[in-house]
A.B. asks: 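Shown below is the structure under consideration.
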Amino acid sequence: MSFRCVRTVSGFRSLSCALPGFLLLRGNVAPKTAIFASPSSNIRFFSSDTAPMDFEENKSKSVLKNFPVFSIFQDWKNKFLPVKEVSSDDAAENMTTSAIDLALNSVVKVFIVSSKHRIFQPWQISMQSECTGSGFVISGKRILTNAHVVADQTSVKVRKHGSPKKYKAKVQVVGHECDLAILEIDNEEFWEGLTHLELGDIPSQMDSVAVVGYPEGGDSISVTQGVVSRVVLRRYSHSSTELLKIQIDAAINSGNSGGPVIMGNKVVGVAFESRCCSELIGYIIPTPVIRHFLNGVEESGQHFSFCSMNLSYLTMEHAHTRNALKMGKEMTGIAVKSINPLSDAHKVLKKDDEIIVQDRVSFKHLVSMKKPCDTASFKVLREGKEHEFNISLKPVQPLVPVNQYDMPPSYYIYGGLVFVPLTQPYIDRSYICECCVKKMPTKAGEQIVIISQILEDDITSGLSIFEDLQVKKLNGVEVDNLKHLCQLIEECSNEYLRFDLEDNNFFFLEHKSAKKATCKILKSLKIPSAMSEDLQPKQRNNRRKVPRQSKKH
C-alpha cells in the first residue's frame, strides 16, 4: 500500500491519523481543505503521481567520478584546455548570492486573512484563518503570487524586505486554474527601491535553481537550492487542471508559495507545491503557464482559461487494437472514447477516431496554451483513412465543478429541504459516489441538484432517507440546474409538488404547508434567506424618472 500526496505550501498545517486512514489539512490556523483518505492502494492526493529521480542514476554519476578513466580525462582536459574551473560549491555560492541580491529588492511577504462558506451550511461563513505566502514584483508595478495564497481572502497585506510596515493590497486578477494571482498596491511609498524580475525560459534537467521566499520558521528571506528533476504534465492541486509543472529537489516549505524560482538572473518558475510524504520534492509553475496567464491579463484585463480537447481517450499501445483500427506501425496517437457535447470537437470528431500525435505530453500542453476560440489543426485516422480537421478550442465547464473559490455557494431552502448543486468538495466530505464526476453535461448551464440535508420539522418527518440524492424532476419537468428548480417551485400553482429523485425515489409536499414551514424554519435556525444571492430576483427600479426641467430666465 502506498500513499502519494501533493500539497500546496502556503499553509500546510498537519497530517494526523484518523480512523483507518488519515486527514490532510491545509491552512495555518484553520484548515482550508480537509480530505479523508481511506487506505486503499495507490491513493494519490491533488495531482502528481510522479516519482523522484531514480537513485541508481545519482549513484552511477557518483561512481563515474571515481573511475580511473574519468580522472585521466579530467587531467588531459586541464592540461590542454586550460579554462577557469569553478567548483560546485563556488557555483552554488554564486547562485545563492545572485538570488539573494535579486530577492532583496523584488520578493515580498504576503499576509492573508481568509474565510470560506461552509459546505453543508452554505449560508454560514467559517472562522477566519490566517496564513502567509510569498510574491515578487513583475513589470507594471504588480506582484505575482499563487491563487491558493489569496483564495477566499478578506484581507491581503504585503511587506517588503527591511520594512516593518505592512501595505494593504488588492487582488487585481486571479487565475485559479493555473494557481496564479496578481496583486496591486496603491501606495507609491511601497514601490520605492523595488525592481521587477524578468521571466526566463524552461530550465533543462539537472539545471541548478534557487527557490526564494518567506517560509515558516523565520521572518527573513530564505533561499534553498536544487536541480530540475523533470518537466511533466500533471494536475495542479488547487484546481485539478492538468498543466505543465516542473519537479525540483529544492526544499519548498509552508510560506514559500508564490515565491520566484531563479536561475541566473531570471525567473524560471513560481513555487507552489511539494510532496507532503517525501523530502526535497517540490513543484514549480513554469514560465509558459505564467506567460499565458499574464498575456490574458494584458490583453483583456482578466484571466484566459486554458483550453482542452474536452474528450476522454485511450492510448494506442495494444498491438491487436492498433491493427483492428488500421494504424500504421510508425503511427502514434490516441483513440477517442467520448466527447463533451458542448465542445466544438463534438461537431467534428467521432467515437473511435484516432488522433495522430507524436507525444501526448507535448500535444496536451500545446492545446492548453491556446487562447479561447483559437483554431488548431489535427490529423485524424478514421476507418483507416487519414483526415485533417480544424477544430476551435474553448474551455468547457465540467458537469461537477472541481472547486469554487472567492464566491458564496448556491443554495435553496424549501419546506426544510436544502438544495445545492453537486461539487467535488461536497463529494469529498460526503458518502456520494464519485462516478458522477465522469459524466459530461448535455446542455449549457446544467447542474446536478441534490438534497443536501433535511432540516427538522413536522413536514419533513420521514424524509431523511432522501438526503444526498439527486432531484431529477419536479412535477414531471426535468430539472436543469438549481436556479431552474427554484423557479419551478416559486412559480408553481399546484396544490402538491412531486419530487422525482434518482433510483426512482419520489415524494410529495403540500405547497402551502411547505411555504409556511420554510418561514418557521428560517426564523428558528436564524438563517438569513431561503436562497443564495445568485438565485434572488433582481430588484427593479420601478420609479418613473421625471426629466429635469431647465430654469427659465
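Remember, it's a predicted structure, so these values are computed and weren't measured experimentally. The analysis underlying the following values was restricted to heavy atoms, covering all of them including side chains, and did not include hydrogens, waters or symmetry mates.
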A.B. asks: What I'd like to find out is whether the side chain of V150 reaches to under 4.5 Å of the side chain of L183, using heavy atoms alone.
C.D. replies: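 Yes - at least one pair of side-chain heavy atoms lies under 4.5 Å apart.
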
A.B. asks: Keeping to residues at least two apart or across chains, list the salt bridge (Lys or Arg N to Asp or Glu O under 4.0 Å) pairs with something in residues 438-467.
C.D. replies: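 Every pair satisfying salt bridge (Lys or Arg N to Asp or Glu O under 4.0 Å) with a residue in residues 438-467: K443-D480, D457-K520.
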
A.B. asks: Where do T287 and L199 land on the side-chain contact (heavy atoms from CB on, under 4.5 Å) test, with the steps shown first?
C.D. replies: CA-CA 7 Å; T287 51; L199 299 181; 4.2 Å; yes

A.B. asks: Going by the rule side chain to side chain contact (heavy atoms under 4.5 Å, CB included), which residues pair with E502 if we only count those two or more places apart in sequence or in a different chain?
C.D. replies: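 Expected list: L469, Q470, K472.
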
A.B. asks: Looking at every heavy atom in both N256 and G213, which two are closest together, and how far apart are they?
C.D. replies: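 Nearest pair, atom of N256 first, then G213: ND2-CA, 3.7 Å.
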
A.B. asks: For K347, give me all partners under salt bridge (Lys or Arg N to Asp or Glu O under 4.0 Å), at least two apart in sequence or on another chain.
C.D. replies: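 Per chain and number, K347 pairs via salt bridge (Lys or Arg N to Asp or Glu O under 4.0 Å) with D344.
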
A.B. asks: Taking side chain to side chain contact (heavy atoms under 4.5 Å, CB included) as the test, write out the residues that go with I119, two or more places apart.
C.D. replies: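 Partners of I119 by the side chain to side chain contact (heavy atoms under 4.5 Å, CB included) criterion, ordered by chain and then number, come out as P425, Y426, R429.
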
A.B. asks: In a check of side-chain contact (heavy atoms from CB on, under 4.5 Å) between L243 and each of P286, P288, S368, which one passes?
C.D. replies: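 When P286, P288, S368 are each tested with L243, the side-chain contact (heavy atoms from CB on, under 4.5 Å) holds only for S368.
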
A.B. asks: Step through the shown structure and confirm whether more than 12 heavy atoms of other residues, nucleotides or ligands are within 6.0 Å of CZ on F506.
C.D. replies: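 Open.
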
A.B. asks: For residues S115 and T154, is any side-chain donor paired with an opposing acceptor at under 3.5 Å?
C.D. replies: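 Distance-only check fails for S115 and T154.
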
A.B. asks: Angle between ring planes, F507 versus F466, binned at 30° and 60°: parallel, tilted or perpendicular?
C.D. replies: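 Judged by the thresholds at 30° and 60°, the geometry between F507 and F466 is parallel.
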
A.B. asks: Would you say that V113 contacts Q153 through its side chain, given a criterion of any heavy-atom pair below 4.5 Å between the two side chains?
C.D. replies: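 Heavy-atom side-chain distance check fails, nothing below 4.5 Å.
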
A.B. asks: Only pairs at least two apart or in different chains count here, so list each side-chain hydrogen bond (donor to acceptor under 3.5 Å, both in side chains) that has a residue in residues 484-496.
C.D. replies: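 Of all non-adjacent pairs touching residues 484-496, those that pass side-chain hydrogen bond (donor to acceptor under 3.5 Å, both in side chains) are Y412-E490.
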
A.B. asks: Let me see the working for L485 and L474 under side-chain contact (heavy atoms from CB on, under 4.5 Å), right down to the final yes or no.
C.D. replies: CA-CA 7 Å; L485 174 65; L474 180 75; 4.2 Å; yes

A.B. asks: Going through the checks in order, is the side-chain contact (heavy atoms from CB on, under 4.5 Å) test met by R235 and K245?
C.D. replies: CA-CA 9 Å; R235 294 188 183 278; K245 64 164 63 170; over 6 Å; no

A.B. asks: How close do V400 and V437 get, counting heavy atoms only, and between which atoms?
C.D. replies: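 Closest pair (atom of V400, atom of V437, distance): CG2-CA, 4.2 Å.
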
A.B. asks: Among all residues two or more places apart in sequence or in another chain, which pass the side chain to side chain contact (heavy atoms under 4.5 Å, CB included) test with E189?
C.D. replies: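 Counting only residues at least two positions away or on another chain, E189 forms a side chain to side chain contact (heavy atoms under 4.5 Å, CB included) with K165, Y167, N187.
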
A.B. asks: Answer yes or no: is there a donor N or O on one side and an acceptor on the other, between the side chain of Q447 and the main chain of L399, under 3.5 Å?
C.D. replies: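 The answer is no, because no donor-acceptor pair under 3.5 Å joins these two groups.
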
A.B. asks: What is the distance from atom OG1 of T241 to atom CG of D179, rounded to the nearest 0.5 Å?
C.D. replies: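 Result: 9.5 Å between the selected atoms.
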
A.B. asks: Suppose we screen for side-chain hydrogen bond (donor to acceptor under 3.5 Å, both in side chains). Which residues come up paired with S343, at least two apart in sequence or across chains?
C.D. replies: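 With sequence neighbours excluded, S343 shows a side-chain hydrogen bond (donor to acceptor under 3.5 Å, both in side chains) to no residue whatsoever.
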
A.B. asks: Is there a side-chain contact between V108 and I143, using heavy atoms and a 4.5 Å cut-off?
C.D. replies: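 Yes, at least one pair of side-chain atoms sits under 4.5 Å.
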
A.B. asks: If you apply the rule side-chain contact (heavy atoms from CB on, under 4.5 Å), what do you find for F293 with I182, and how did you get there?
C.D. replies: CA-CA 10 Å; F293 171 69; I182 295 176; 3.7 Å; yes

A.B. asks: Quick check: does any side chain N or O of S134 sit under 3.5 Å from a backbone N or O of Y214, one acting as donor and the other as acceptor?
C.D. replies: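 Yes; judged by distance alone, with no hydrogens or angles, the pair exists.
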
A.B. asks: Atom CG in N340, atom NZ in K394: separation rounded to 0.5 Å?
C.D. replies: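 Here the interatomic distance stands at 9.0 Å.
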
A.B. asks: Quick one: does any side-chain atom of S126 pair with a main-chain N or O of K116 as donor and acceptor, under 3.5 Å?
C.D. replies: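 Between the backbone of K116 and the side chain of S126 there is a qualifying donor-acceptor contact (under 3.5 Å).
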
A.B. asks: As an exercise, state the distance from CE of M531 to CD of Q536, rounded to the nearest 0.5 Å.
C.D. replies: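 Going from CE on M531 over to CD on Q536, the span is 6.5 Å.
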
A.B. asks: Using the side-chain contact (heavy atoms from CB on, under 4.5 Å) definition, which of the options V211, N146, T145 pairs with V270?
C.D. replies: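 Filter result, single survivor: N146.
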
A.B. asks: Side chains of D534 and S410 only: does a donor on one sit below 3.5 Å from an acceptor on the other?
C.D. replies: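 Looking only at side-chain atoms, S410 and D534 do form a donor-acceptor pair, the distance falling under 3.5 Å.
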
A.B. asks: Suppose we screen for salt bridge (Lys or Arg N to Asp or Glu O under 4.0 Å). Which residues come up paired with D219, at least two apart in sequence or across chains?
C.D. replies: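 D219 satisfies salt bridge (Lys or Arg N to Asp or Glu O under 4.0 Å) with K109, R159 once adjacent residues are dropped.
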
A.B. asks: Does V418 reach the side chain of I451, with side-chain heavy atoms less than 4.5 Å apart?
C.D. replies: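 Not in contact.
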
A.B. asks: Hey, would you say the H148 and F272 ring centroids sit under 6.0 Å apart?
C.D. replies: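 H148 vs F272: aromatic centres not under 6.0 Å.
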
A.B. asks: Is the backbone of S513 close enough, under 3.5 Å, to the side chain of E510 for a donor and an acceptor to pair up by distance?
C.D. replies: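 Yes.
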
A.B. asks: Give a yes-or-no answer on whether the side chains of S312 and S338 include a donor-acceptor pair shorter than 3.5 Å.
C.D. replies: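 A pair is found: one side chain offers a donor N or O, the other an acceptor, under 3.5 Å apart.
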
A.B. asks: Quick one: closest heavy-atom pair of V149 and G133, and the distance?
C.D. replies: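 Smallest heavy-atom distance, with atoms named: CG1-CA, 4.2 Å.
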
A.B. asks: Check P421 against L482 and note the closest heavy-atom contact, atom names and distance.
C.D. replies: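 Scanning both residues, the minimum pair turns out to be CD-CD2, 3.6 Å.
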
A.B. asks: With sequence neighbours left out, write down each residue that passes ring pair (Phe, Tyr, Trp, His ring centres under 6.0 Å) with H365, or none if nothing qualifies.
C.D. replies: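 With sequence neighbours excluded, H365 shows a ring pair (Phe, Tyr, Trp, His ring centres under 6.0 Å) to no residue whatsoever.
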
A.B. asks: Does F419 reach the side chain of S452, with side-chain heavy atoms less than 4.5 Å apart?
C.D. replies: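 No, too far: nothing below the 4.5 Å cut-off.
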
A.B. asks: Got a second to check how far S240's OG is from H176's NE2, nearest 0.5 Å?
C.D. replies: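 Going from the OG atom of S240 to the NE2 atom of H176 covers 13.5 Å.
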
A.B. asks: Looking only at atom types and distance, does a side-chain atom of Y405 sit under 3.5 Å from a main-chain N or O of H238, one as donor and one as acceptor?
C.D. replies: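 Answer holds: yes.
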
A.B. asks: Nearest 0.5 angstrom please: Y236 OH to L244 CG, how far?
C.D. replies: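 The OH atom of Y236 sits 6.5 Å away from the CG atom of L244.
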
A.B. asks: Taking the six-membered ring for Trp, are H303 and F306 closer than 6.0 Å centroid to centroid?
C.D. replies: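 Aromatic pair counts; centres sit under 6.0 Å.
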
A.B. asks: Is the terminal nitrogen or CZ of K157 (NZ for Lys, CZ for Arg) located under 6.0 angstrom from the six-membered ring centre of F111 and within 45° of that ring's axis?
C.D. replies: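 That pair does not qualify as a cation-pi contact.
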
A.B. asks: Using side-chain heavy atoms (C-beta onward) and a distance below 4.5 Å, is T375 in contact with I391?
C.D. replies: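 No. Closest side-chain heavy atoms not under 4.5 Å.
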
A.B. asks: Could you measure the distance from the CD1 atom of I527 to the CD1 atom of I413? Nearest 0.5 Å is fine.
C.D. replies: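 Taking CD1 in I527 and CD1 in I413, the distance rounds to 4.0 Å.
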
A.B. asks: Would you say that K168 contacts I185 through its side chain, given a criterion of any heavy-atom pair below 4.5 Å between the two side chains?
C.D. replies: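 No, side chains not in contact.
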
A.B. asks: Has K473 got its NZ or CZ under 6.0 Å from the middle of the six-membered ring of F499, at an angle within 45 degrees of the ring axis?
C.D. replies: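 Pair K473/F499 does not count as cation-pi.
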
A.B. asks: Can you give me the closest heavy-atom contact between V261 and A271, atom names plus distance?
C.D. replies: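 Smallest interatomic distance, heavy atoms only, reads CG2-N, 3.9 Å.
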
A.B. asks: Test: salt bridge (Lys or Arg N to Asp or Glu O under 4.0 Å). Region: residues 289-312. Which pairs qualify, not counting sequence neighbours?
C.D. replies: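 Those involving residues 289-312 are R142-E298, E299-K371.
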
A.B. asks: Tell me, please, which residues at least two apart from E188 pass salt bridge (Lys or Arg N to Asp or Glu O under 4.0 Å).
C.D. replies: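 Applying salt bridge (Lys or Arg N to Asp or Glu O under 4.0 Å) to E188 gives K141.
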
A.B. asks: Can you find a heavy atom in the side chain of Y411 that is under 4.5 Å from one in the side chain of W123?
C.D. replies: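 They are in contact (side-chain heavy atoms under 4.5 Å apart), so the answer is yes.
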
A.B. asks: Dump the intermediate steps for ring pair (Phe, Tyr, Trp, His ring centres under 6.0 Å) on F136 and H196, then the final yes or no.
C.D. replies: CA-CA 8 Å; F136 61 96; H196 71 270; over 10 Å; no

A.B. asks: For K364, what residues pass the salt bridge (Lys or Arg N to Asp or Glu O under 4.0 Å) criterion, not counting sequence neighbours?
C.D. replies: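 Salt bridge (Lys or Arg N to Asp or Glu O under 4.0 Å) list for K364, sorted by chain: E242.
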
A.B. asks: Show the nearest heavy-atom pair for residues V297 and Q172, with the distance to one decimal.
C.D. replies: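 That closest heavy-atom pairing would be CG1-NE2, 4.4 Å.
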
